[in-house]
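Written below as structure tokens is the structure these notes are about.
Chain letters run A, B, ... following the sequence lines, proteins first and then strands; every chain starts at 1.
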There are 2 protein chains.
Amino acid sequence: MTDATLIARPVTTAQQVHDWLHQRILRGDLPPGARLSETDIAEQIGLSRQPVREAFIRLASDGLAEVRPQRGTYIGKISARAVLSARLIREAVESDLARMLADRDADLSTMEAELSVQDRANAQGDVAAFIASDDRFHQAMALAAGQAAVWQDLERLKSQMNRLRHMSMRVFDRSETIGQHRAILTALQARDADAAEAAVRAHLRQMLTELPQIAAAHPDYFTD
Amino acid sequence: MTDATLIARPVTTAQQVHDWLHQRILRGDLPPGARLSETDIAEQIGLSRQPVREAFIRLASDGLAEVRPQRGTYIGKISARAVLSARLIREAVESDLARMLADRDADLSTMEAELSVQDRANAQGDVAAFIASDDRFHQAMALAAGQAAVWQDLERLKSQMNRLRHMSMRVFDRSETIGQHRAILTALQARDADAAEAAVRAHLRQMLTELPQIAAAHPDYFTD
DNA sequence: TGCCCTTTACTTGTATGGAAGTATGGTATA
DNA sequence: TATACCATACTTCCATACAAGTAAAGGGCA
């Protein structure tokens, strides 16, 4: 999530504004469809409109905002199409990664550790902690397969899904999710590629049933 | 490639500048590592720096340029890592799409037609036409599977690969590529999911052998 | 001759003013 | 009362000026 950029690039004000808004959107603080205003935000943080404007442009590139010339800028609604597309891609890619992992003697300790974190977070009802650990679990799988760059690419696609999750997490019990994670890990430890692939696909298909429910509960947050 | 935007959104100047540069970069007119200058381009097309600057920001978001504050803006070099990552993702996703297609009675006429186009383009040595048709062939597969949004996502990831292809196409004979395309189509027509998946994977793994050769021939265009 | 420091030119970053376009509410008119 | 028109208050877009920082060339000095 917080992609620790290795090279310490000099960070501009516009960059910081972008990162700040990006985070707020993904966490759901800025709800889909909400209006953004260059002048409002500029005043709010004591800057001119220019860096704010440039932040907006980058948010639009991220697919998180929509700039309508001469009309206004709005937080993008969650595109069901984009969520389903990202889900399909994740299923295809992560099931391949799981197969690769099952065929080698990989280090699965990080994934193991995250499962414990998720147990605690679920017991304590700490939604944010659970989501963060969930991400790290999947990331760890990519890293164990030696595909850090792949995970970075997936993360870009995942942004729409992430906003969705912040809503769904408050609705669903996550013990089922943890069980699915454990099934994946067990299959990998057993070096059973077929079982691992099946577990990954089953896990990621969970969203197919959740998405319509969430969308029905928040119809104004979604677009097809 | 030229994603015909369905809604006729009002296009700003900055948007046009971005599209123009985007195309030039992907076609290789602006080589990796080349320097871009806000003022130069602004003068060149009779505008102020502002819209050009905003175009640069979006190119950076696309991963095609790098803005180094107070230092300069450069066309991004081709990241071997990004190419390999996109390739792995394509293989995983497109092999899944092929399986989906093999399991249904899909319309494969567009793919068939593109094969003829590729034959002609290869015979005439028309590199640009071949690349365009190659893209449409793969896009047609996604469309036939009812996954237009997935192809859009893949296209974003493909940008690094596309620049590579404009170089490789001048080096390699493409009849082998056409044969691989035909193998995919034949398997789909036979409704043989296993064969289709194998054909897709074999086709997309071709790049694993081509990338090192291209990189060796143009070492200054690449970064790891 | 070689090294260090200063100056200068050039880069992108930010601030501000006005231009162009849109939406809205009020007003005159039928 | 309903409708068409117009003034007004917004929005983002573009142009311009200046600020901050970088890099490189040139001069002074050992």
Side-chain angles (χ1 to χ4, degrees), chain A residues 5-22 24-25 30-77 220 223, chain B residues 5-22 24-25 30-77 220 223:
Chain A
T5 311
L6 293 180
I7 51 170
R9 59 178 170 181
V11 99
T12 66
T13 308
Q15 174 77 255
Q16 295 177 34
V17 175
H18 168 266
D19 292 349
W20 178 60
L21 291 173
H22 185 94
R24 290 185 66 193
I25 294 173
L30 293 171
R35 179 165 199 164
L36 289 178
S37 163
E38 292 180 2
T39 52
D40 283 0
I41 294 184
E43 288 179 10
Q44 186 176 335
I45 56 185
L47 284 168
S48 74
R49 287 169 6 234
Q50 202 55 44
V52 176
R53 169 177 176 73
E54 297 182 356
F56 284 7
I57 292 173
R58 304 173 55 161
L59 288 174
S61 279
D62 296 336
L64 294 177
E66 182 185 1
V67 179
R68 285 190 267 186
Q70 268 81 33
R71 293 164 139 243
T73 302
Y74 301 85
I75 306 290
K77 299 201 173 185
D220 47 330
T223 178
Chain B
T5 312
L6 292 180
I7 51 171
R9 62 180 169 182
V11 98
T12 66
T13 307
Q15 174 77 256
Q16 295 177 32
V17 175
H18 168 267
D19 293 349
W20 177 59
L21 291 173
H22 186 93
R24 289 186 66 192
I25 295 173
L30 294 171
R35 181 164 197 166
L36 288 177
S37 163
E38 293 181 1
T39 50
D40 283 0
I41 294 184
E43 288 178 10
Q44 187 176 335
I45 56 186
L47 286 168
S48 75
R49 276 178 45 214
Q50 206 53 46
V52 176
R53 170 177 177 74
E54 296 180 358
F56 283 9
I57 292 173
R58 303 173 54 164
L59 289 174
S61 279
D62 297 336
L64 294 177
E66 183 184 0
V67 179
R68 285 190 266 187
Q70 270 79 33
R71 303 171 106 196
T73 301
Y74 302 84
I75 305 290
K77 299 201 174 185
D220 48 332
T223 178

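- Exactly one residue among A/I25, A/L21, A/I75, A/L30 makes a side-chain contact (heavy atoms from CB on, under 4.5 Å) with A/L64. That residue is A/I25.
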Under 4.0 Å protein heavy-atom contact, by nucleotide of nucleotides 5-13 of chain C - B base, S sugar-phosphate only | ------BBB

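- You can see that DNA chain D meets the heavy atoms of chain B within a 4.0 Å-exclusive cut from D/dC13 to D/dA23, reading 5' to 3'.
- We find the OG1-CG distance between A/T223 and A/D220 to be 12.0 Å, quoted to the nearest 0.5 Å.
- A/R71 meets the side-chain contact (heavy atoms from CB on, under 4.5 Å) test with A/R68; sequence neighbours excluded.
- Counting heavy atoms from C-beta on, the side chains of B/E54 and B/H18 never come closer than 4.5 Å.
- Between A/A55 and A/A14 the shortest heavy-atom distance is CB-O, 3.9 Å.
- Residues B/G72 and B/R35 come closest through the heavy atom pair CA-NH2, 4.1 Å.
- For the pair B/I57 and B/V67, the minimum side-chain heavy-atom distance is 4.5 Å or more.
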